[in-house]
Amino acid sequence: MTMRLYTPLPITLMWRLAVAVVVAFCFASFCFGNDGVDDLAFAAPGQQSQPVFGTAQAAERRRYFIYDVNMGEGFNLRRDVYMRAATLVKMLHEVDSSWVMVLPPFRHLYHWKSHGLDQNQIPWNKFFNLEKLKEYVPVIEFEQYLAETHGNSIEKVWYLQGYEGGWKDGKWEEKIDVAKCLEDRGLEYQRSGGVWLGPFFGYYDAIHAQDFQCVSVQGTAVILKDMLLEFKGRSILVDRFETVLHPAFGDKEYWLSRKSMGYADHLKSEAEAFMRNKLPQAEADDKKPGWPYLAVHLRRGDFARSYKGRPGVPSNMESAAEQINAALKRTGLKVVYIATDASVKELSELGRFLPTMVHYTPTKKRLNELLDGGVAIVEQWICAHARHFIGTDPSTFTFRINEDRELLRMPVSSTFNGFCADGYKDLNDEDKCAHPTQWTMPDGIL
């Protein structure tokens, strides 16, 4: 078995854990007072709140569901996995109100390319509005979990994996079993000194687990519910949660959980200030939905290389610009906003073909404040408000914009649009042009 060498704990993590210990003392000493309502008191719509009042009392009762995702997965896929986990925890909470979801800190992700930024152990409130998240399911940050549990331990880790040999006889069926770890699974967790060490969101040996098991699973997130309700401990980490699927993609619960993922106020303010200063605004008599500009998400980099020749992926900037100019003419819009991971050279080339192109580039100071994940959300929020949008299918960055536009009630025809590959004849060319699936929001969500 491959062994992992653990490095000494970085100074920044030592400070974080020290702060967590101080906060834990405050919880134990009631230094926040016991006369306020706990910020995690939670009730499903139409139900009376559970009597979990007073911070210390609530912490004593809570059971903690923690999850993690394969390190290689990107920011926007992680947001999708959150929704699967939130749906599961909501079901647990309806049976046992002591369950709370612990938000996994963001580690430095592959697509976060900016240099010189500390992009590890990032709390969710850096990107999302926690009060909005709590409208769907009770959540806390990971460092609050450390504070409430007065330590650096997680009772159990379940490492999700598939079944050896895959689907039996090619037949899909939902099933789950505690199992022997497959040959290449779970190697990042190692037993040492009677406990289990692992990556733990980049904390490594500053955190440990008391027990570890591999769990073979084939199904949706709901399949974990009964096993979790039978679990007698207080804290569990379910790793590789992307292994399980949505209970029902695009149904009411999907959209309720997605609706709750409101962006942090400072990111929305940044996007809206940019829109006011750099993009055209509607005239008083213009009643059409959206701001009067075209927004485009043009995915490049590793995506363009991997999907080269696929319908919906132009091979170069001239081809992309040709299609964007055609869309400007077709919609009667004058300005195009471009969200892209294109290189500086590609972006400059695109600008030569698009004289009215606008692009968001934060100052170094703002980048340090927003981080790469925040910049992504700023760009998505700008695209969400455009009168017409063209995305890159099947990029998850584009998927999240489509969802935002649905929540803003933008017309379907202005939202689910894609590029064409080189040599297309018209937008209905099935072999050359992307036709994104229209995952629309059901009634009764807003």
Side-chain angles (χ1 to χ4, degrees), residues 271-300 304 311-342 346-347 349-360 378-395 397-441:
E272 289 159 11
F274 180 87
M275 290 158 57
R276 288 191 299 271
N277 294 328
K278 301 293 184 179
L279 292 166
Q281 300 181 42
E283 301 292 339
D285 59 348
D286 185 352
K287 304 303 181 183
K288 295 178 182 179
W291 287 47
Y293 60 88
L294 171 68
V296 170
H297 172 227
L298 179 59
R299 185 76 163 82
R300 302 302 295 166
V313 182
S315 65
N316 55 60
M317 295 297 100
E318 184 174 2
S319 175
E322 178 186 347
Q323 297 179 56
I324 293 168
N325 277 319
L328 286 169
K329 183 177 180 180
R330 192 166 60 247
T331 60
L333 299 170
K334 305 298 183 185
V335 175
V336 57
Y337 175 79
I338 301 289
T340 184
D341 58 344
E346 286 178 316
L347 194 59
E349 181 183 358
L350 188 64
R352 292 202 301 271
F353 297 112
L354 299 171
T356 64
M357 182 181 86
V358 177
H359 179 65
Y360 173 77
V378 167
E379 295 217 79
Q380 288 170 320
W381 198 235
I382 295 170
C383 289
H385 285 80
R387 182 156 295 171
H388 195 83
F389 172 67
I390 300 173
T392 301
D393 185 60
S395 165
F397 190 102
T398 283
F399 289 168
R400 302 289 85 85
I401 295 171
N402 289 343
E403 290 168 349
D404 284 334
R405 292 179 63 84
E406 273 291 287
L407 288 164
L408 291 171
R409 280 307 193 199
M410 295 295 181
V412 170
S413 61
S414 75
T415 293
F416 297 94
N417 304 288
F419 279 98
C420 297
D422 299 348
Y424 78 102
K425 295 180 176 58
D426 61 64
L427 295 178
N428 295 316
D429 189 333
E430 295 288 344
D431 295 327
K432 296 289 186 179
C433 298
H435 296 92
T437 303
Q438 296 182 1
W439 292 106
T440 57
M441 182 175 61

Engineer: Ring pair (Phe, Tyr, Trp, His ring centres under 6.0 Å) with H388: which residues, sequence neighbours excluded?
Structural biologist: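 Once residues adjacent in sequence are excluded, H388 has no partner under the ring pair (Phe, Tyr, Trp, His ring centres under 6.0 Å) criterion.
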Engineer: For T398, which residues count as a side-chain hydrogen bond (donor to acceptor under 3.5 Å, both in side chains) partner, sequence neighbours excluded?
Structural biologist: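 For T398, the residues satisfying side-chain hydrogen bond (donor to acceptor under 3.5 Å, both in side chains) (neighbours in sequence not counted) are H297.
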Engineer: I need the minimum non-hydrogen distance between S395 and R299, along with the two atoms involved.
Structural biologist: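 Distance-wise, the nearest heavy atoms are OG-CD, 4.1 Å.
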Engineer: Between V378 and A271, which heavy-atom pair has the shortest distance, and what is it?
Structural biologist: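 Closest approach of V378 to A271: O-CB, 3.6 Å.
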Engineer: By ring pair (Phe, Tyr, Trp, His ring centres under 6.0 Å), which residues pair with W291, not counting sequence neighbours?
Structural biologist: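 For W291 there are no ring pair (Phe, Tyr, Trp, His ring centres under 6.0 Å) partners, ignoring immediate neighbours.
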Engineer: Please examine the side chains of F353 and I324, heavy atoms only from C-beta on, and report whether any two atoms are closer than 4.5 Å.
Structural biologist: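 The answer is no, as the side chains (C-beta and beyond) never meet within the 4.5 Å cut-off.
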Engineer: Nearest 0.5 Å, what's the CG-CG distance between N316 and L350?
Structural biologist: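 One gets 10.5 Å once the value is rounded to the nearest 0.5 Å.
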Engineer: Can you sort out the partners of Y424 under side-chain hydrogen bond (donor to acceptor under 3.5 Å, both in side chains), two or more places apart, ordered by chain and number?
Structural biologist: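 None.
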Engineer: Of all residues at least two apart in sequence or in a different chain, which pass the ring pair (Phe, Tyr, Trp, His ring centres under 6.0 Å) check with F416?
Structural biologist: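 Testing F416 for ring pair (Phe, Tyr, Trp, His ring centres under 6.0 Å), a comparison that skips the adjacent residues, returns none.
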Engineer: Applying side chain to side chain contact (heavy atoms under 4.5 Å, CB included), run through T356 and Y293 and close with a yes or a no.
Structural biologist: CA-CA 10 Å; T356 64; Y293 60 88; over 6 Å; no
Engineer: Got a donor-acceptor contact below 3.5 angstrom from the E406 side chain to the M441 backbone?
Structural biologist: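 Answer holds: yes.
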Engineer: Using every non-hydrogen atom in the two residues, find where A384 and D404 come nearest and quote the distance to one decimal.
Structural biologist: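 Smallest interatomic distance, heavy atoms only, reads CB-CB, 3.7 Å.
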Engineer: Show me the pairs that pass side chain to side chain donor-acceptor pair (under 3.5 Å) and involve residues 276-290, at least two apart or across chains.
Structural biologist: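 For residues 276-290: D286-R387.
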Engineer: With sequence neighbours excluded, tell me which residues meet salt bridge (charged side-chain N to carboxylate O under 4.0 Å, His left out) with R409.
Structural biologist: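 Partners of R409 by the salt bridge (charged side-chain N to carboxylate O under 4.0 Å, His left out) criterion, ordered by chain and then number, come out as D443.
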Engineer: Would you please name every residue forming a side-chain hydrogen bond (donor to acceptor under 3.5 Å, both in side chains) with R400, sequence neighbours left out?
Structural biologist: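 Residues passing side-chain hydrogen bond (donor to acceptor under 3.5 Å, both in side chains) with R400: E403.
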Engineer: Quick one: CG on L347 to CE on M357, what's the gap to the nearest 0.5 Å?
Structural biologist: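 Answer for the CG-CE pair, L347 versus M357, is 4.5 Å.
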Engineer: Tell me the salt bridge (charged side-chain N to carboxylate O under 4.0 Å, His left out) pairs involving residues 316-334, sequence neighbours left out?
Structural biologist: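 The answer is none; no pair qualifies.
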Engineer: What distance do L294 atom CG and I338 atom CD1 have between them, rounded to the nearest 0.5 Å?
Structural biologist: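 Rounded to the nearest 0.5 Å, the CG-CD1 separation comes out at 7.0 Å.
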Engineer: Do P314 and L298 have side chains that approach each other closer than 4.5 Å (heavy atoms only, starting at C-beta)?
Structural biologist: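 Yes, side chains in contact.
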Engineer: Do any side-chain atoms of residues 431-438 form donor-acceptor pairs under 3.5 angstrom with protein atoms, and if so which ones, sequence neighbours left out?
Structural biologist:
| from | atom 1 | to | atom 2 | distance (Å) |
| --- | --- | --- | --- | --- |
| K432 | NZ | D422 | O | 3.4 |
| H435 | ND1 | C433 | O | 3.2 |
| H435 | NE2 | L427 | O | 2.9 |

Engineer: Would you say L279 and Y360 make side-chain contact, with heavy atoms under 4.5 Å?
Structural biologist: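 Result no, sub-4.5 Å side-chain heavy-atom pair not found.
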Engineer: List the residues meeting side-chain hydrogen bond (donor to acceptor under 3.5 Å, both in side chains) with E349, not counting sequence neighbours, and say none if there are none.
Structural biologist: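 side-chain hydrogen bond (donor to acceptor under 3.5 Å, both in side chains) list for E349, sorted by chain: empty.
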Engineer: Taking the side chain as everything from C-beta on, heavy atoms only, tell me whether M317 gets closer than 4.5 Å to R300.
Structural biologist: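 A side-chain contact exists here, since the closest heavy-atom pair is under 4.5 Å.
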Engineer: Hey, could you give me the CG/CD distance between D341 and E379, rounded to the nearest 0.5 Å?
Structural biologist: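 Those atoms lie 9.5 Å apart.
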Engineer: Which atom pair, heavy atoms only, marks the closest approach of P292 to P280?
Structural biologist: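 Heavy atoms only, the tightest pair is O-CG, 3.2 Å.
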Engineer: Mind checking the CD-CZ spacing from Q380 to R405? Nearest 0.5 Å is all I need.
Structural biologist: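 One finds 13.0 Å between CD of Q380 and CZ of R405.
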Engineer: Take V358 and F274 through the side chain to side chain contact (heavy atoms under 4.5 Å, CB included) test and state the conclusion after the steps.
Structural biologist: CA-CA 10 Å; V358 177; F274 180 87; 3.6 Å; yes
Engineer: Can you find a heavy atom in the side chain of L408 that is under 4.5 Å from one in the side chain of W381?
Structural biologist: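 With C-beta onward as the side chain, the pair touches.
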Engineer: Excluding sequence neighbours, so at least two apart, what forms ring pair (Phe, Tyr, Trp, His ring centres under 6.0 Å) with F389?
Structural biologist: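 Listed in chain order: nothing, the list is empty.
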